[in-house]
Novice: 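Pasting a structure here, questions to come.
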Amino acid sequence: MDEVNKQTPSQEQPSTSQCVDCGKCSCGGCGARCNLDSYNWLADVPGGKNDFDIVEVHFKNTRRGYYRNSAHLDLKQGDVVAVEANPGHDIGTVALTGNLVKLQMKRTRLRPDAEILRVFRKAKPADLERFEQAKAKEIDTMIRSRKIAKDLGLEMKIGDVEYQGDGNKAIFYYIADGRVDFRQLIKVLADVFKVRVEMKQIGARQEAGRIGGIGPCGRPLCCASWMSTFVSVATSAARYQEVSLNPQKLAGQCAKLKCCINFEVDTYVEASKSLPKREAVLETQDKTYYHFKTDILKGEMSYSTEKGVPADLVTISPERVKDIIALNKQGIKPEHLQDSDFDASTTSSAYGDLVGQDSISRFDNAKKKKKKKNRGKPQEGKPARNAMSEAPNNGNVPNNADTFPKNRPPRDRRRNGDAAFVRKGPANFSENKRRQGRRGNIRNENNRHQ
């Protein structure tokens, strides 16, 4: 009985991995978005869990805050708490505790003189019920506020609305290309919805992360799955990676440069430091070669005999390029661009196009027509179609092999004058007419007797 009583309080505690909205993660009310998860990798370190009295609390739309645990509550990651707000209180989810919060505050560049609000208590059922009622009004508020902004003629788009935990305050997230004078809008919104209004501008990347979607890689958007902070992306990062500067391929669903362009640019920059300059021209005894392209990670450089055109491409290693540049500076021109002990099989592709499936013009060639099967050829278990021509001539039956071919076509196709079958008939035109007249006489005699 005592064991049951000991287990009962732990069962009533909220799960440390549940979210306010979805109930599956500790992202602090993100709905379908779970990019606010944090992993406390110092949780198992002795003395590294409760030495710091400030905790990190996550809210909706990647909003986070740091609150002081002045009541010394036993807070764990995923606990739903009521924190101090101005005015009233707000509801959020604990994301980090312990000494790891110090590093997080340093990373977010929180000012030392910033005001640290307090954690009131763990959320009670009454707090959660009030919070759910406030969240239920968010969609209707967003739709009505969009119409109000349109009636006022403001060049802005209200993307989302977030109510405070007690319902006394609402944050309106909007997108705008330029500055917007929304003083009149705030007055109208406060009068219509009877709440304190706060306007917060977000960028196109934050809007795409709020909506979510599937990227061209087939995976959920990074801004909607794990990214919470954004770094500016420049086209120079695409140039370092030898990526085609095509705006349709470089832009993401937010119409900005893809964030994933920055993921591997450091590796490419580090690898390109050991490569020779691309402006160098390689001289041989018979040709002059210009740089065409470089495979940085594979360590290969291709040179062409014409600038910007793939003519007589030759792929060599960077070490060979350095050797040729050094020889050209000494006034020596090698006989060939490739080294004498160069193995062509090393630069060949990993697979061979055995069936021609990679050819662009494989569908241009017309398919050859199959030859028609010999109709008169006997099949297994079946007699020949023209049995008279195959039967032996015993003197009683005339042999018409010279005038009637073995592959004689059907009568209806011969009457239609098919050129393919007219050629098989007798070469003499009068002989053909004589046969037709003989057949007509025979038919007339049969009709007369009937």
Novice: Can any side-chain N or O of Thr97 pair as donor or acceptor with the backbone N or O of Val55 at less than 3.5 Å?
Specialist: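 Side chain of Thr97 to backbone of Val55, a donor-acceptor pair under 3.5 Å: no, none is there.
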Novice: Shortest non-hydrogen contact from Val243 to Leu250?
Specialist: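 So the two residues come closest at CG1-CD2, 3.7 Å.
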Novice: May I ask you to check whether Glu56 and Tyr66 show a side-chain donor-acceptor distance below 3.5 Å?
Specialist: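 Result is yes, a qualifying pair exists.
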Novice: With a 4.5 Å heavy-atom cut-off, do Asp160 and Tyr174 have their side chains touching?
Specialist: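 Asp160 vs Tyr174: side chains apart.
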Novice: Evaluate the side-chain proximity of Leu245 to Arg239: yes if any heavy-atom separation is below 4.5 Å, no if none is.
Specialist: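 Yes, side chains in contact.
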Novice: Go through the steps to decide whether Arg63 and Asp90 satisfy the test salt bridge (Lys or Arg N to Asp or Glu O under 4.0 Å), and finish with yes or no.
Specialist: CA-CA 12 Å; Arg63 185 169 65 93; Asp90 203 354; 3.0 Å; yes
Novice: Between Gln253 and Gly212, what is the shortest heavy-atom contact and its length?
Specialist: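 Shortest heavy-atom separation between Gln253 and Gly212 comes out as OE1-O, 4.4 Å.
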Novice: Indicate yes or no: at least one non-hydrogen side-chain atom of Met105 is less than 4.5 angstrom from one of Phe52.
Specialist: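 Yes. Closest side-chain heavy atoms under 4.5 Å.
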Novice: Donor-acceptor check, side chain of Lys194 to backbone of Asp191, threshold 3.5 angstrom: yes or no?
Specialist: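 It does hold such a pair.
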Novice: Measure the spacing between NZ of Lys147 and CG of Leu152 and express it to the nearest 0.5 Å.
Specialist: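 Interatomic distance, Lys147 NZ to Leu152 CG, rounded to 0.5 Å: 12.5 Å.
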Novice: Check this for me: Phe120, atom CZ, are more than 12 non-hydrogen atoms of other residues, nucleotides or ligands nearer than 6.0 Å?
Specialist: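 Correct, the count exceeds 12.
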Novice: Any side-chain to backbone donor/acceptor pair from Thr315 onto Met301? Under 3.5 Å, distance only.
Specialist: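 A pair under 3.5 Å: no.
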Novice: Any chance NZ of Lys322 has more than 12 other-residue heavy atoms, nucleotides or ligands included, within less than 6.0 Å?
Specialist: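 It does: Lys322 NZ has more than 12 such atoms within range.
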Novice: Has Asp295 got a side-chain atom pairing as donor or acceptor with Gly299's backbone, closer than 3.5 angstrom?
Specialist: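 No; judged by distance alone, with no hydrogens or angles, the pair does not exist.
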Novice: Any non-hydrogen side-chain atom of Asp79 less than 4.5 Å from a side-chain atom of Asp74?
Specialist: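 No, side chains not in contact.
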Novice: Any side-chain donor paired with an acceptor under 3.5 Å for Asn246 and Gln248?
Specialist: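 Looking only at side-chain atoms, Gln248 and Asn246 do not form any donor-acceptor pair under 3.5 Å.
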Novice: Compare all side-chain heavy atoms of Ile202 with those of Glu207 and state whether any distance is below 4.5 angstrom.
Specialist: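 Counting from C-beta outward, Ile202 and Glu207 do come under 4.5 Å.
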Novice: How many angstroms lie between atom CD1 of Ile324 and atom CD of Gln338, to the nearest 0.5 angstrom?
Specialist: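 Taking CD1 in Ile324 and CD in Gln338, the distance rounds to 9.5 Å.
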Novice: What are the two closest non-hydrogen atoms of Leu100 and Leu96, and how far apart are they?
Specialist: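 Answer, listing the atom of Leu100 first, then Leu96: CD2-CD2, 3.8 Å.
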Novice: Could you walk me through whether Ile186 and Met199 pass side chain to side chain contact (heavy atoms under 4.5 Å, CB included), step by step?
Specialist: CA-CA 8 Å; Ile186 292 177; Met199 305 296 296; 3.9 Å; yes
Novice: Would you indicate whether the side-chain heavy atoms of Glu270 and Tyr268 approach each other to under 4.5 Å?
Specialist: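 Tyr268 vs Glu270: side chains apart.
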Novice: Kindly check if the number of other-residue, nucleotide or ligand heavy atoms within 6.0 Å of CD1 (Ile139) is above 12?
Specialist: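 Incorrect, the count does not exceed 12.
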Novice: Can you tell if the side chain of Val314 reaches within under 4.5 Å of the side chain of Tyr289, non-hydrogen atoms only?
Specialist: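 Sidechains of Tyr289 and Val314: in contact.
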Novice: With distance as the sole test, does Arg146 use its side chain to make a donor-acceptor pair with the main-chain N or O of Ile158 at under 3.5 Å?
Specialist: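 Yes, because the side chain of Arg146 sits within donor-acceptor range (under 3.5 Å) of the backbone of Ile158.
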Novice: Strictly below 4.0 Å, N to O, side chains only: are Glu279 and Lys307 in salt-bridge contact?
Specialist: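 Not counted as a salt bridge, because no side-chain N and carboxylate O are separated by less than 4.0 Å.
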Novice: Is Thr288 reaching over with its side chain to a backbone N or O of Glu283, donor-acceptor style, under 3.5 angstrom?
Specialist: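 No; judged by distance alone, with no hydrogens or angles, the pair does not exist.
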Novice: If you look at every heavy atom in Arg205 and Lys256, which pair is closest and at what distance?
Specialist: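 Scanning both residues completely, I find the closest heavy atoms to be NH2-CB, 3.7 Å.
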Novice: Does a side-chain heavy-atom distance below 4.5 Å link Met156 with Leu185?
Specialist: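 Met156 vs Leu185: side chains touch.
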Novice: Atom CD of Gln201 and atom CD of Gln206: how far apart are they, to the nearest 0.5 Å?
Specialist: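 Answer rounded to 0.5 Å: 10.0 Å.
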Novice: Side chains of Glu162 and Tyr173: is there a donor and an acceptor less than 3.5 Å apart?
Specialist: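 The criterion, which ignores hydrogens and geometry beyond distance, is satisfied for Tyr173 and Glu162.
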Novice: Within 45° of the six-membered ring axis of Tyr163 and under 6.0 Å from that ring's centre, is NZ or CZ of Lys137 located there?
Specialist: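 Yes, cation above the ring, under 6.0 Å and within 45°.
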Novice: Salt bridge or not for Arg121 and Asp127, using N-O below 4.0 Å?
Specialist: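 Looking at Asp127 together with Arg121, the answer is yes, because their closest N to O distance falls below 4.0 Å.
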Novice: Is the side chain of Glu84 donor-acceptor paired with the backbone N or O of His89 at a distance under 3.5 Å, no angle test?
Specialist: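 Not at all, since once roles are kept as given, no pair shorter than 3.5 Å links the two residues.
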Novice: Do NZ/NE/NH1/NH2 and the carboxylate oxygens of Glu132 and Lys135 come within less than 4.0 Å?
Specialist: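 Yes, this pair counts.
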Novice: Rounded to the nearest 0.5 Å, how far does CG of Asn86 lie from CD of Glu198?
Specialist: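 With rounding to 0.5 Å, CD (Glu198) is 10.0 Å from CG (Asn86).
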Novice: Please confirm whether Phe172 and Phe182 have ring centers closer than 6.0 angstrom.
Specialist: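 Ring centres of Phe182 and Phe172 not closer than 6.0 Å.
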Novice: Just do the side chain to side chain contact (heavy atoms under 4.5 Å, CB included) check on Met227 and Leu221 with the steps written out, would you?
Specialist: CA-CA 9 Å; Met227 289 184 65; Leu221 297 179; over 6 Å; no
Novice: With ring centroids as reference points, do Tyr303 and His291 lie under 6.0 angstrom apart?
Specialist: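 Between His291 and Tyr303, which both carry aromatic rings, the centre distance is below 6.0 Å.
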Novice: For Gln285, does the CD atom have more than 12 heavy-atom neighbours from other residues, nucleotides or ligands under 6.0 Å away?
Specialist: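 Yes - once you tally the heavy atoms of other residues, nucleotides and ligands closer than 6.0 Å, there are more than 12.
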Novice: Given Val57 and Thr93, is the side chain to side chain contact (heavy atoms under 4.5 Å, CB included) satisfied, shown in steps?
Specialist: CA-CA 5 Å; Val57 180; Thr93 304; 5.6 Å; no
Novice: Apply side chain to side chain contact (heavy atoms under 4.5 Å, CB included) to residues Arg68 and Leu117 and explain how you reach the verdict.
Specialist: CA-CA 6 Å; Arg68 190 178 303 277; Leu117 302 179; over 6 Å; no
Novice: Looking at CZ of Arg183 and CG of Asp181, how far apart are the two atoms once the value is rounded to the nearest 0.5 Å?
Specialist: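 Spacing of CZ (Arg183) from CG (Asp181) equals 4.0 Å.
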Novice: Quick one: does Thr294's side chain have a donor or acceptor within less than 3.5 Å of a partner on Ile296's backbone?
Specialist: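 Pair absent, no side-chain N/O of Thr294 close to backbone of Ile296.
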Novice: For Arg130 and Asp166, indicate whether the former's side chain and the latter's backbone hold a donor-acceptor pair under 3.5 Å.
Specialist: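 Checking the backbone N and O of Asp166 against the side chain of Arg130, a donor-acceptor pair under 3.5 Å is found.
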Novice: Does CZ belonging to Arg179 count more than 12 external heavy atoms closer than 6.0 Å?
Specialist: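 No, not enclosed.
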Novice: Rounded to the nearest 0.5 Å, what separation is found between the CD1 atom of Ile148 and the CZ atom of Arg144?
Specialist: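 If I round to the nearest 0.5 Å, the distance is 6.5 Å.
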Novice: Give me the atom names and distance for the closest heavy-atom approach of Lys60 to Val161.
Specialist: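 Nearest pair, atom of Lys60 first, then Val161: NZ-O, 3.5 Å.
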Novice: Heavy-atom count around Asp286 CG within 6.0 Å, excluding the residue itself: above 12?
Specialist: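 Above 12, so yes.
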Novice: Restricting to non-hydrogen atoms, name the atom on Ala237 and the atom on Asn262 that form the minimum distance, rounded to 0.1 Å.
Specialist: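 Smallest heavy-atom distance, with atoms named: CB-OD1, 3.9 Å.
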Novice: Whether the side chain of Lys102 engages the backbone of Ile54 through a donor-acceptor N/O pair (distance < 3.5 Å, no angle test) should be reported.
Specialist: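 No.
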